[in-house]
There are 2 protein chains.
Amino acid sequence: MNAPAARHTPETRSRILDAAETLFVEHGFEATSMRMITSQAGVNLAAVNYHFGSKDALIQEVFRRRLAELNRQRLAMLDQLEAEAGSAPLKPSRIVEAFFGTALALAADTEHGGHTFMRLLGRTYTEPNAFVRQFLAEEYAGVLERFLGALYRSLPDVPREEILWRFHFMMGAMSYAIAGTDALQLFAGKFDDADPARLMPRLMSFLLGGLRAPLADFAAKPATRRGGRAAA
Amino acid sequence: MNAPAARHTPETRSRILDAAETLFVEHGFEATSMRMITSQAGVNLAAVNYHFGSKDALIQEVFRRRLAELNRQRLAMLDQLEAEAGSAPLKPSRIVEAFFGTALALAADTEHGGHTFMRLLGRTYTEPNAFVRQFLAEEYAGVLERFLGALYRSLPDVPREEILWRFHFMMGAMSYAIAGTDALQLFAGKFDDADPARLMPRLMSFLLGGLRAPLADFAAKPATRRGGRAAA
DNA sequence: GTACAATTAAAACGAACGTTTGAATCAGTT
DNA sequence: AACTGATTCAAACGTTCGTTTTAATTGTAC
């Protein structure tokens, strides 16, 4: 039979993935060596190349196993929203909650590595490594299409270009909120309350405020009344 | 005399700095080797260690030369705002514009490497490398103190914790807007209008919308009227 | 033009990297 | 008990890394 995956120790693969995930967050991809990963995982150095083929393939699998589930949840939530709404248009806030809420819920999970992974993911959006960027873009393509489409329908009067930009801004705010909280020491010691559970409402309020902000008038109009309102 | 800096070719230093800046954005710190830097700069391999001491010291100097000027501008603009206002409180929007506007202006400068540097800076906020984080935190400490203080006085009714969080969110949105626009291929091909000059009003509108959003009520209050307004 | 200090140049250093190899070990089948 | 294929293991592979060393070269003051 062709079941080449697991024989007697299927845990070796996941031990490697867990160790890699943690170390990637801590040191980045380049600065994390195979020897660091395998020694932390308690497996032989050659195990990574045996099970995954290469370091790049390992990086890819670290993202794939978590991202597949996250994006599945996102799409399921959007499906449910659209089913409930019937033919009525969706509220932008619900769409945003479906996309960013699921991510924040994963980021709040400190038990099963969700928090670790979301820190890694947030940082990776700006990763210079070309192959990682390429892979992320492919994983996200479908989900982005669906959610952007939903937002376009939800805000028919707002130029799509603007919706795109604001989605971009929202992703940035969320990524930094997660990746930067303990990573960057800029605000170190300043946060009395870094509870991930409270991050959710805080961030969501900020995101929706930004999404609903009046559209900028590019100094095109001579400032008659400072732009119109963007959304509900 | 004790002028050990420059003798007959002071350009070697800056050639190295420029090459390093560009390559760091393109490949990251770890993946950029000394040999890549020196060959792109057209100088000898040993020149970096001679002029800067080490690769880490070079990284530090790449940031220092630009960041010193940026933060000087930021503080000067805040000084001017406070001088104009006299004893009257500053509008939050003006404070935000002073901090993020200067950064965006630098990011819009594609002639003298400002755009390149801002992409690098944005990415570096989440850099795992400990010494880079440490250095950034030190460079920013004074500026953050001043601007956060100004915001606290400008929004006396908003809990400082919330202002801190929103400043954090705003930095994230800006960093991604700059670092992610051409770096990440997530939205590749989707932007018809990626003009850096138009990014400014777009982002500023988003940031102020987020800053002014109603405060989240952490399900603590039983949702009497859905939180109060945050700012002017 | 000779002495001097700053800079550049070419070559080599040991260390660490990702990967490969070939033998040992294991579980299950016959 | 012998065989088989999957997995683990220790060791080594060639390459690249940041840095150091030592010599050649440069511009300037005496």
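Throughout, protein chains are lettered first and strands after them, A, B, ... in sequence-line order, and every chain is numbered starting at 1. Because only heavy atoms are used, hydrogens play no part in the values below, and waters and symmetry mates are left out as well, while side chains stay in.
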Original post:
Given C:dT8, is OP1 or OP2 found less than 4.0 Å from the side-chain N or O atoms of B:His51?
Top reply: yes

Subject >> Whole angstrom value for the distance that separates P of D:dG18 from CD1 of B:Ile16 >> reply: 14 Å

Original post:
CD of B:Glu30 versus P of D:dG18: gap in Å, rounded?
Top reply: 9 Å

Original post:
What's the CG-P distance between B:Leu45 and C:dT7, to the nearest Å?
Top reply: 18 Å

Original post:
Taking atom C1' of D:dC17 as reference, at what distance in whole Å does atom NZ of B:Lys55 sit?
Top reply: 8 Å

Subject >> Listed nucleotide nearest any side-chain atom of A:Arg35, set D:dA12, D:dT19, C:dT8 >> reply: D:dA12

**OP:** Please state how far atom CG in A:Asn49 lies from atom C1' in C:dT19, giving the value in whole angstrom units.
**Re:** 5 Å

**OP:** Identify which nucleotide among C:dA9, D:dT7, C:dA6 has an atom closest to any side-chain atom of B:Tyr50, counting heavy atoms from C-beta outward.
**Re:** C:dA6

Original post:
Do you see a donor-acceptor pair shorter than 3.5 Å between the side chains of B:Ser205 and A:Arg166?
Top reply: yes

Original post:
Is any side-chain nitrogen or oxygen of B:Ser33 closer than 4.0 Å to OP1 or OP2 of D:dT16?
Top reply: no

**OP:** Take the protein atom CG of B:Asn44 and the nucleotide atom C1' of D:dT21, then report the distance between them rounded to whole Å.
**Re:** 13 Å

Original post:
On DNA chain C, nearest-nucleotide positions of A:Met36 versus B:Gly42: which is more 5'?
Top reply: B:Gly42

**OP:** Measure from the ring center of B:Phe167 to the ring center of B:Phe147 and say whether it is less than 6.0 Å.
**Re:** no

Original post:
Looking at A:Gly209 and B:Ala213, what are the two nearest heavy atoms and their distance?
Top reply: CA-CB, 3.7 Å

Original post:
Between atom CD1 in A:Ile37 and atom C1' in C:dA16, what is the gap in whole Å?
Top reply: 15 Å

Original post:
Going through the checks in order, is the side chain to side chain contact (heavy atoms under 4.5 Å, CB included) test met by A:Ile178 and A:Met174?
Top reply: CA-CA 6 Å; A:Ile178 295 169; A:Met174 179 191 70; 3.9 Å; yes

Subject >> Between P of C:dT8 and CZ of B:Arg15, the distance in whole Å >> reply: 10 Å

Original post:
Between B:Phe169 and A:Tyr176, does the ring centroid distance fall short of 6.0 Å?
Top reply: no

**OP:** Looking at every strand, decide which applies to B:Thr32 at a 4.0 Å heavy-atom threshold: base, sugar-phosphate, or nothing.
**Re:** sugar-phosphate

**OP:** Tell me which nucleotide among C:dA9, D:dA10, C:dT7 gets nearest to the side chain of B:Ala46.
**Re:** C:dA9

Original post:
Can you tell me if the side-chain N/O atoms of A:Thr12 get under 4.0 Å from OP1 or OP2 in D:dT8?
Top reply: yes

Subject >> Among C:dA6, D:dT19, D:dA10, the nucleotide that comes nearest once only the side chain of B:Met34 is considered >> reply: D:dT19

